[in-house]
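Reading through the C-alpha cells given below for one structure.
For ligands, and for the atoms within them, numbers begin at 1 and follow the listed sequence. One is the number of the first residue; the rest follow in order along the sequence.
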Amino acid sequence: MKFFLFLFVLLFGSYAQAYDVDKVVLSSLPTYVQKDKDSLPFIFSKAPFDKANYKASQRFSDHVIWHKIHFPTPNKAVTVDLQMNNYLIDDLDFYFLQNGKQTEHWRRGANQTWQNQVAYYNGIWIQLTLQPEQDNTLYIRKQSRGPLLTPMQLHQNADTAITKLSTTLFWTIALTSVLVLLAFNFIIFLQFRYAAFGYYLAFHCFILLSLAMMMGASRWFFPEFIHHWLIESKVTLFVLAAWSLYRFTVGFLPTVRVQTPTHRRYWVDCIFFAYLLISVFFSEKISAILFIIMQVSMIIFCLRYGLKSYREGFIAARFYLFAIIMVSIGSSINSMMYWDIVPFNNITKTALPFCNFLELLGFAIAFTDKAKQIELNTTLKIQTDGSTGLPNRYYYFEVLQAKLASMTHSDLALVMIEITSHSQLSQAYGPNQAEQATSTLIKNLDNSLAEMDSVLSLSLPNNTTRKLVRISTNKVAFICVSKQELAHQIESVQRFLDTPILIGHLDFHYQYNIGSALYPSQSNTLDSLYQNALIACNYSRVDIGTWQPFNQTLKQNYAHQLHLLTLLTQDLKSGCLYFEIQPQVNLATRQITGGEVLLRWNNKQLGQVSPGEFIPLAEQAGLICKLTDFVIFKVFKWAAQHPKLLENRTLSLNISALDMLYEGFAARVISLQQYYQLPASQLVIEITETSIFENSQVMFDNVNRFHKAGFKLSIDDFGVGYSSMQNLIALQTNELKVDRFFVAQSLTDKSSAILCRNMIQLSSEMGIISVAEGIESEEVALQLEQWHCLIGQGYHLYRPMPCEDYLSLLGS
Ligand code: C2E
Ligand code: MG
Ligand code: MG
C-alpha cells in the first residue's frame, strides 16, 4: 500500500514542481551568535546575521546560535520541506516569519509528536508554505553541549516522499540488522558463556544505543527524557563502549592464542574510569577532545593486536581484525564529521551504521569460527589423553567402532601393552614425575610406530594421526592391520621398551607386559577384542616383557576365577566354609603334639574346592581378611568350648602374609584370644613367605605384638618361593615348616635330601622347632627322625580330619 502511494506521489509530484528549492543556498547561511539579553523581536528585525559566522557555528559552542534562511518569493503558494538530520543538538527551534510576522514555531521539527501518534520515524521535518508576494524567512535557533552541526536539505513533493521513505527504510534496516546480529551473538554467548563475550555484548548494546540516538530512533524506542539523557551522556556512552571493546579484546585474543599484556590491564581500567568521570563532570567539548585521544589509542591498540593475530593465521582472529578496522573507520568518520573535518553528507552520515553493521558481521563470523574451534577442542579433549595427546579409551570405544566397520581387513590384532613399573615410579618419584616419564615414553613409542604402515593410523578431529591409544595411565594399545606383521611389530616395540631411559640419575628399565587378541576371528566386537587383549596382557608370567597372544583357555580361566570369587563371597555368609584339622606328631614318640587348621569349602554347585585354588584368589581380590577373620573366630570359639584341645598341644592357624600387612591385625586376634581365654603359647601363626615381608613397619609391629602376647610364629612352606633367611630373624620365628616338596623327595633326590637335612639342622641350631610337612611314607618319617626333625605332618601319619574326629582322636 505504502509502495503504491509512494509511486503515486513520485509520478504526480514531479508535475507539481514549480518552485526550485536548489536556488535556496543552505550551505553558508547568515548566522548570528546571540547575546544574553537579545529579545526575539531584536533577533528577527535588527540582529546582525552574517555568513562569516556560519563556519564557526558548526562546531562546539556554549552560545545560542541562530541561522536565517530567506526564501525567494514564489509566484504562487508553494510547499517546501526542510529536513535537518542532527539529533544530538539539545535545543532546536524553528520560527517561520512571513512579511516580518511570526506565523509558526516548531520545537525540534514536526515529528516531536512521535510519542503520541506517528507510528514510524522519518526524521526532523519542517513543512513550510511559502506565500506569493510575501517575504518568507525561517529562523533556526540551536543550543547544545555537543557539536552544533546543522546539516539541512530542502525537498519538495515527490522528493520529500522519497527521502522520508528512504530515511525510514534506512534506520529500520540498520537497526534491525544490528538487533539481529546482537541476538545471534547473544545466542553464541549463552552457549559458551565466555566472560569476554559478555563484554562484547555490552559493546554491542552501546553501539545499538549510540546508533539509535544518532539517527534519532531512540526517541521512538524510549520516552523523551531517556532520549535526552542519552544525548547528554553520549560521550559517557562512547567511553563505556570503548572500555567494553578493550575488555573484550584482552579477553578474546588469548582464546585465539594471541597474548595481550595482562599486567597493564588494571591501569588501563583506571584510565577508562578517569575518562568516565571526566565525561560526566566536564563540558562535552573537553570530554569529546579526550575521547578522540582515547579513540585513537584504542584503534592503535586493537589494530596492533589484530594484526598480530592476523599473522598467527586464525580465521577467528582475522575476522576480529576486519571488525576492528570497520569500527575504526566508522567511528573515525563519525568523529570527523561532528568536528566538521569531513562534510556531513549521505556517505559520511551512513558510514557509522554501515561500518558497525560490517563490524558486527565480522565479529559474528569470528565468534562462529571460535565456536567451531571450541567444539573441536571439546571433541579433541573428550577423545584424547591430556598429557600425551594420544587417543584415549573413549576414542577406542566410541570412535574406532565406525572406522573398523568400514575396514575390510581379514584379521586385525589389538596389541595391549601394560607398563607395570609405572606404579613403582609413582612411589619413587611422586605421581607427577612418574606421569611425565611414562607419557614421554608413550609419546616416543608412538613416534617410533609412526612410520609403520601395518599399524593402523588413528585420525583425530584436528586432522593429525596417531598410532597408539592410551587406554589408562599405564596401558597403551595399537591395532596391527596385518596378522603376518604382528610378531615383527611386537618385537620392535619390545626393543624400544627394553632400551633404558634416564630418570633422575637412574638408567631405568621399564617393566611391561604385552598381550594381543585377534579381530574378528577371536573377538567379534571391539569390547571383546579389548577384553581378550587385556586377559592376554594380564596373564601372569615369570618373564617380564614377554608377549602373550590370547587363547580361549586364558579366558575360561578368568571367567572361572571370577565365578569362584562370586560364589566364595556368597558362601562366606551361608556357612559352606568349615575347617578340618590335620594332626602333627612328635616323630620320635609318634604322639600328637597339635594340629593344623585347614580351611575347607564345599560349594553346592562346585563341590569341594581346594584352598590351594581359592586362597590365592581371595588374596588377589582383597577377600582374604574376611576369610581369615572367619577362620580365627570359628576356631577360637571352638577351642574355647574344648579346653582339652590346647592342653599341652598346639593349634596352628594359617595366615596370609597380606593379613600381617594390616595395621591392628595382631591386636584384633589377641583381643579375641583374650576374650575366649585361650593360652596364647599353644597357638601357632603360620605365615607363608612372600616378598611383601620386606621392610614393612606394619608387619613388624604385628609380629612384635604376637610375640609379646605369647603366640608362636611359624614360617610355612620354607624353602620354596621367596625364601629369605632374613625372614627367619625378622619374624623371630619359633617354628619352621619344611615344604613338602623337599620332604617328599628326600629319599629319591639327593639335592632335596641335602636341603631338607640342612633346614632341619639350621632350625635346631637356631633353637627353632622343625616341622616336616607332607610325610607320605614310613621311610620318610624314619629318615626325618634320623635327621632330628622334631615334628611331622602328612597323610602317612594323619590326614586332615573333621574337628569332631580330631577331638575324639585326642580323647582316645
Ligand atoms: P599348608 O599350610 O602348607 O597346608 C598343608 C597342606 O598340605 C594342606 O593342603 C594339606 O592337606 C596338605 N597335606 C598335608 N599332608 C600332606 C601329604 O602327605 N601329602 C600331600 N600331598 N599334601 C599334604 P590344603 O588343605 O589343600 O591347603 C593348602 C594350602 O592352603 C595350605 O598349605 C595353606 O597355605 C592354605 N590354607 C589352608 N587353610 C587356610 C586358612 O585357613 N587360611 C589361609 N590363609 N590359608 C590356608
Ligand atoms: Mg600351613
Ligand atoms: Mg605348608
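- For the Mg ion (ligand 3), the tally of protein N/O/S atoms lying closer than 2.8 Å stands at 4.
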- Task: Take Gln732 and Asn704, measure what side-chain hydrogen bond (donor to acceptor under 3.5 Å, both in side chains) needs, and give me the verdict at the end.
- Result: CA-CA 9 Å; Gln732 305 152 47; Asn704 288 336; 3.2 Å; yes
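- With sequence neighbours excluded, the residues that form a side-chain hydrogen bond (donor to acceptor under 3.5 Å, both in side chains) with Ser528 are Thr525.
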Taking only distance into account, with no hydrogens and no angle test, what donor-acceptor pairs under 3.5 Å do side-chain atoms of residues 581-588 form with protein atoms, sequence neighbours excluded?
{"from": "Gln582", "atom 1": "OE1", "to": "Gln793", "atom 2": "NE2", "distance (Å)": "2.8"}
{"from": "Gln582", "atom 1": "NE2", "to": "Tyr798", "atom 2": "O", "distance (Å)": "3.1"}
{"from": "Gln584", "atom 1": "NE2", "to": "Gln793", "atom 2": "OE1", "distance (Å)": "3.0"}
{"from": "Asn586", "atom 1": "OD1", "to": "Ala588", "atom 2": "N", "distance (Å)": "2.8"}
{"from": "Asn586", "atom 1": "OD1", "to": "Thr589", "atom 2": "N", "distance (Å)": "3.3"}

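- A salt bridge is defined here as a Lys NZ or Arg NE, NH1 or NH2 lying under 4.0 Å from an Asp or Glu carboxylate O, and Glu596 with Lys737 meets this definition.
- Within 4.0 Å of ligand 1, heavy atoms belong to protein residues Gln582, Glu596, Leu598, Leu599, Arg600, Pro611, Ile615, Val631, Asn654, Ile655, Ser656, Glu686, Asp716, Asp717, Arg740, Glu773, Gly774, Ile775, Glu776, Gly794, Tyr795, Pro800.
- Judged by the 6.0 Å distance and 45° axis criteria, Arg668 is not positioned over the aromatic ring of Phe665.
- Using cut-offs of 30° and 60° for the angle between ring planes, the Phe579 and Trp638 rings count as perpendicular.
- Within 6.0 Å of CZ in Phe397 there are more than 12 heavy atoms belonging to other residues, nucleotides or ligands.
- Distances from the Mg ion (ligand 2) show that Ser652 has no N/O/S atom below 2.8 Å.
- Aromatic ring pairs are classed by plane angle as parallel below 30°, tilted from 30° to 60° and perpendicular above 60°; the pair Tyr530 and Tyr396 is tilted.
- Aromatic ring centres of Tyr578 and Trp601 lie farther apart than the 6.0 Å criterion allows.
- With respect to Arg470 and Glu435, a salt bridge is recorded, a charged nitrogen being found less than 4.0 Å from a carboxylate O.
- Looking at Glu596, its N, O or S atom nearest to the Mg ion (ligand 2) turns out to be OE2.
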